[in-house]
Amino acid sequence: MAATTTPTPAGTTGEPPRPPRKETPKPLLERVPVPILMTAALALVIGVWQTVVSLGWVTEYVMPSPAATGIALWDVTLDLVTGGPVWDNFVISALQVLYGLIIAAVAGVVLGVLIAETTLGRRVLQPMMVALYAAPKVALAPLFVAWFGFDMTPKVVMAAVIAFFPVMVDTAAGLASVDENEDKLFKSMRASRWQRFYKLKLMNALPFVFAGLKSAAVLAVIGAIVAEFLGGGEGLGVMVQMASVGFALDRLFAFVVLLSAFAYLLYLAVDIVERRVVFWRSTGFLPSDS
Amino acid sequence: MLKQTTDHTAPGPPAPSENRGAAVTVEDAVRTFTRAGETVHALGPVSLDVRPGEFVALLGPSGCGKSTLLNLVGGLLPPTSGSIRVGEEEVDGVPERVGMMFQQAVLLAWRTVQQNVLLPVEVSEGRRGARKAADRAAELLELVGLTGFADKMPNELSGGMQQRAAICRMLIQEPDVLLLDEPFGALDEFTREHMNVELARICSITGRTALFVTHSISEAVFLADRVVVMSARPGRIAGTLDIDLPKPRDPEIMTSATFQDHVRDARDLLRTGYEAAATADKEA
Ligand SMILES: Nc1ncnc2c1ncn2[C@@H]1O[C@H](COP(=O)(O)OP(=O)(O)OP(=O)(O)O)[C@@H](O)[C@H]1O
Ligand SMILES: [Mg+2]
């Protein structure tokens, strides 16, 4: 047992105790906690906003006061939680967003894999997708309505079409970013192409895929609302449209806040799933030694 | 602790003296790289015969093609001309029974240490095969002093521990030929010496053939039966040195006069390699 009895793990030996270091003072913005900064920034914006409206620099027709918006937001939220018309429309919008997001996720990953892994994908699909990416897809909304009618379908399609691009692009980028040494390791183990793909590249690509999904979560909300806006039927986008036609700008603002909150929650949900799936990546928020 | 990794396919463990290594034959191997229309002559022609069970250390200046030579033998790169055989077989693609180790440990971050060690088995025999090999993985981890770390993630290990896990991964399929490219270059001197002792023991017990690239002259002399010194690019063999020190070797041996003589000879060879390259440059 001569040599092997002494293997103190290399990292645990040595490391003389460090002398206490003098704290270098951090800049003010680094020291103040983020929630306080956010509240302060919000207060500032609302303050300026209220001043501008109170001083009559803009009329209430064009810019409702923060107070009016607050009241409208309260009304809308109350309607939402008590199951009123806002709730009904919210459910429709939310379902459209979710369906759109799921389609975008599946299509984005599949197309991203095709682009990164196949010659046909790289040489034919990729240029097509770039062209499609450049196209103003919102302008297609009337077309989708003509094709799919006034129910949920055209909105789901619009949400999916807008949201799938970042998933596709990030998936392809993630697959292409495989570590050279890891690739060499797999080759040295005589791994098949398929094994290299799903045991190495796909795992490497996961953080990228989730980055794409986070963008997609936000874009799906935009896509669905824009389609409702232009295509009519039911949903929060339609309510936004009605509020704008009726010059109820305080209500319009309230809906925007509501939709932002929804998009934010969707983003957080993807983030939570990511932490579970990509567990080996310490994100830095959690203490590593727990 | 002369512990043996048991070969499950053979009846009983091989006797310590038995050579289970394969010969490596390199004949006039040349490798050039062409990038953006420019051709770099990286290696050769090089010819080298490694006997079964022999431990050969490759020394040479940076950029002389040591890694390239190892990649040729490991089948990761085809030679531009010349031929390479491992055992009886011409190398065409990665040969079976070859284990490689690189300067970095290259453990996959999403797998535990044990899953990393079992990766080669999983790749060649599937998950069920890997499950069957779990005992062997545990034995190997014990051999390198990593008992109790099997279920840790790689980022919980120090650099030296990661490199030891990589040794286990290289050995899990009991390769006949080990190709090691500065495997301990990133480690501190003490850990490195410790790992060298381990490696020497593992190789001598099972009589594996080893081709070991290093920048350290004393490391080369300590480990090898033969030190092969290469000259600057395009790498050629500047000379070989037989190391007639008894094995197994203890680090104490480094203070002996014979050891020091070998180190001096190797250093001289390296210097002539440099000078030859310098004159060649002047003439060109
Ligand atoms: N894939 C490649 N493409 C182009 N040139 C390469 C490639 N691989 C190696 N070379 C060139 O071949 C030469 C030899 O490289 P190699 O990595 O084999 O050297 P080495 O002896 O291992 O050096 P070191 O000791 O620094 O690791 C170098 O000049 C390098 O630039
Ligand atoms: Mg090298």
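The sequence lines fix the lettering, A, B, ..., with proteins before strands; numbering per chain opens at 1.
Contact of Pro95(B) with chain A is made through the backbone alone, with heavy-atom distances under 4.5 Å. Neither the backbone nor the side chain of Glu156(B) comes within contact range of chain A, judged by heavy atoms closer than 4.5 Å. At a 4.5 Å heavy-atom cutoff, the contact between Glu182(A) and chain B is made by backbone and side-chain atoms alike. Contacts of Leu206(A) with chain B are absent, with no heavy-atom separation under 4.5 Å from either backbone or side chain. Both the backbone and the side chain of Leu119(B) come within less than 4.5 Å of a heavy atom in chain A.
For the atom pair CG (Leu77(B)) and NZ (Lys187(A)), the distance works out to 9.0 Å, reported to the nearest 0.5 Å. With values rounded to the nearest 0.5 angstrom, Leu185(A) atom CG is found 10.0 Å from Leu76(B) atom CG. Atoms CG and CD, on Asp179(A) and Gln104(B) in that order, are 8.5 Å from each other to the nearest 0.5 Å. The distance from the CE atom of Met101(B) to the OG atom of Ser188(A) is 12.0 Å, given to the nearest 0.5 Å. Note: Trp280(A) CH2 to Arg111(B) CZ = 11.0 Å, rounded to the nearest 0.5 Å.
Residue-environment remark: CZ (Phe33(B)) exceeds the threshold of 12 foreign heavy atoms within 6.0 Å. Shown here is Tyr267(A), whose OH atom has no more than 12 heavy atoms of other residues, nucleotides or ligands within 6.0 Å. Within a 6.0 Å sphere centred on CZ of Arg128(B), heavy atoms belonging to other residues, nucleotides or ligands number 12 at most. Heavy atoms of other residues, nucleotides or ligands lying less than 6.0 angstrom from CD of Glu90(B) number more than 12. For Phe90(A), the CZ atom sits in a packed shell: over 12 heavy atoms of surrounding residues, nucleotides or ligands are nearer than 6.0 Å.
When each of Gln195(A), Met189(A), Lys199(A) is tested with Glu122(B) by the rule side chain to side chain contact (heavy atoms under 4.5 Å, CB included), just one qualifies, namely Lys199(A).
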Exercise. Would Trp110(B) and Leu200(A) satisfy side-chain contact (heavy atoms from CB on, under 4.5 Å), going step by step from the backbone distance to the final call?
Worked result: CA-CA 10 Å; Trp110(B) 52 89; Leu200(A) 175 63; 4.0 Å; yes
For this session: Decide yes or no on side-chain contact (heavy atoms from CB on, under 4.5 Å) for Lys184(A) and Asn71(B), but give the supporting numbers first.
Result: CA-CA 10 Å; Lys184(A) 202 168 152 189; Asn71(B) 286 337; 3.5 Å; yes
Exercise. Step by step, would you call Phe186(A) with Val106(B) a side-chain contact (heavy atoms from CB on, under 4.5 Å)?
Worked result: CA-CA 10 Å; Phe186(A) 270 72; Val106(B) 201; over 6 Å; no
